[in-house]
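Residue numbers start from 1 in every chain, and the chains themselves are labelled A, B, ... in the order their sequence lines are given, proteins ahead of strands.
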Protein chains: 2
Amino acid sequence: MAAISGGKTYHHGDLRNALICAAVHLAADGGPERVVLREAARRVGVSPTAAYRHFDGRGELLRTVKVHAQRLLADSMERAAAREPGADDPSLAAERRLVALCRGYVGFAVDQPGLYRAAFCVARPAGAEEPSSGPPQAEPEIRAFTLLREALEGLAKAGGPRPGFRPAAGAAAWSAVHGLSLLLLDGPLRRLPAQRRDDVVESTLAMVVSGTRVL
Amino acid sequence: MAAISGGKTYHHGDLRNALICAAVHLAADGGPERVVLREAARRVGVSPTAAYRHFDGRGELLRTVKVHAQRLLADSMERAAAREPGADDPSLAAERRLVALCRGYVGFAVDQPGLYRAAFCVARPAGAEEPSSGPPQAEPEIRAFTLLREALEGLAKAGGPRPGFRPAAGAAAWSAVHGLSLLLLDGPLRRLPAQRRDDVVESTLAMVVSGTRVL
DNA sequence: GCCCGATGTTGACCGCATGAACATTCCGGG
DNA sequence: CCCGGAATGTTCATGCGGTCAACATCGGGC
């Protein structure tokens, strides 16, 4: 029927995606807590309960947004790494890649605070608190982390295989950029002037790189 | 009157503190989002709106809890540092103190996830979004950060005054422990078995210490 | 002893999440 | 071509939380 003529049909046709899109926009300005089911429905022009045909409640909507946000974060990292020219010295290249990835990480957090926070929000399955429910359901393995870990492995390899390298180094690096991002967003480093902020970022990256050498 | 006899009086007598206490308990299990005004009032045995005589709404209650939580965090750090024996080599002592403080930090986060999250939650003043409202109102200077910074300064001094030391090093160290804490709490490092968790913590602390040397 | 201000209480309104029952549409047999 | 069930939306209703206005009560200073 007249889907072309702008007329509204009883059946939306692609409500799920429309809701996700609206929810992502909500998260983008206001973070995860502003992802409100009713509001998303309103924006799409549909009754609130319609969303329940596509999501198991607000929790699942949020979780979907979260996945999206994580993807965007990883994209930002890869883009930053791709922009990095240094393909000269291969051993240096590994380090540059790591730093570029981190820059992309923090950059995303600063540019898209709402989405960044959404990417790491806790969206409990609607009233779950007990750890004893079924299998531990392995984490979907976040690409952002994979990128960091691989970069670190590349760095370790480039510097010659050293014995002390621990996989936990990835977590350490991640901790640094994650913590830095959050402190800059909501944390006490919020109102930092841009110049000082860069300073802090550089220092932290230096710590990561240097720390990587001893891990 | 019969405050002693357990009889309830119309006037509570110390409602503000009672509410804060209840709210802190709520935060302790469930984090900031579970700090619900009505629930706190219920636990104290008072009507919901009574709270408005002492707080400017839920936001202020939460902010009060936040301050409390930050204090507890700093306490945990100092306690950890006090437990640290190493008073032998003064130059080593500085490093040990730094590590102990960090351990106390992460330890608090792991032991009191709800409070830790409350300590860093964003409690906006009831619908504020515009950055252009009055003076930047300096942050109250979080003691946890001060402890870290001072420890780093002590470390720098102990190693002989080096030129390159930047104050941003404090932020870098903080970023690491903060990020680590959050990844362990809600983040992807959540369900990590305790043993691996310690591994990650150690690696991160090693990164901090080593990074400190180059900053 | 009385009155005012501080402190609580009731009642009401609004937004949100969610579930039950009902309506509309689409689509694949017959 | 027609029908019935599956999808997909809608309306109505419940319960919770934040918050405001109007009213009640207490306690202390005059």
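- Counting non-hydrogen atoms under 4.0 angstrom, Arg16(B) reaches nothing in the nucleic acid.
- Listed by chain and number, the residues in a side-chain contact (heavy atoms from CB on, under 4.5 Å) with Ala109(B) are Tyr116(B), Ser181(B), Leu185(B) (sequence neighbours excluded).
- When the side-chain contact (heavy atoms from CB on, under 4.5 Å) test is applied to Ser175(B), the partners found at least two apart in sequence or on another chain are Leu180(A), Leu183(A), Thr204(A).
- With distances taken from any side-chain atom of Thr49(B) to the nucleotides dG8(C), dG19(C), dC20(D), the minimum falls on dC20(D).
- Between dT10(D), dT10(C), dA17(C), one nucleotide has an atom nearer to the side chain of Ala50(A) than all others, and that is dT10(D).
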One pair to check against side-chain contact (heavy atoms from CB on, under 4.5 Å): Lys66(A) and Phe120(A). What are the steps and the verdict? CA-CA 7 Å; Lys66(A) 177 172 172 166; Phe120(A) 289 97; over 6 Å; no
Could you go through residues 17-32 of chain B and list every donor-acceptor pair under 3.5 Å that involves a side-chain atom there, pairing it with any protein atom two or more places apart or in another chain?
residue	atom	partner	partner atom	Å
Asp29(B)	OD1	Arg34(B)	NH1	3.4

Hey, can you pull the donor-acceptor pairs under 3.5 Å for the side chains in residues 35-53 of chain B, sequence neighbours left out?
residue	atom	partner	partner atom	Å
Glu39(B)	OE1	Arg42(B)	NH1	2.5
Glu39(B)	OE2	Arg43(B)	NE	3.0
Ser47(B)	OG	Thr49(B)	OG1	3.4

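- The side chain of Tyr52(B) lies closest to dT19(D), out of dT9(C), dT18(C), dT19(D).
- The shortest distance between the side-chain N/O atoms of His54(A) and the OP1/OP2 oxygens of dA7(D) is not below 4.0 Å.
- Each of dC16(C), dG17(D), dG8(C) was ranked by its minimum atom distance to the side chain of Arg53(B); first place goes to dG8(C).
- Shown here are the side-chain contact (heavy atoms from CB on, under 4.5 Å) partners of Ala74(B), two or more places apart in sequence or in another chain: Arg143(B), Leu147(B).
- Taking only side-chain atoms of Pro48(A), from C-beta outward, the nucleotide of dT18(C), dT10(D), dG17(D) with the closest atom is dT18(C).
- The C1' atoms of five pairs define one axis at each end of the helix from dG1(C)-dC30(D) to dG30(C)-dC1(D), and these two axes lie 10° apart (to 10°).
- Within 4.0 Å (heavy atoms only), Arg38(A) reaches at least one base atom of the nucleic acid.
- Closest approach to the Ser47(A) side chain among dG18(D), dT10(D), dA17(C) is made by dT10(D) (side chain taken as heavy atoms from C-beta onward).
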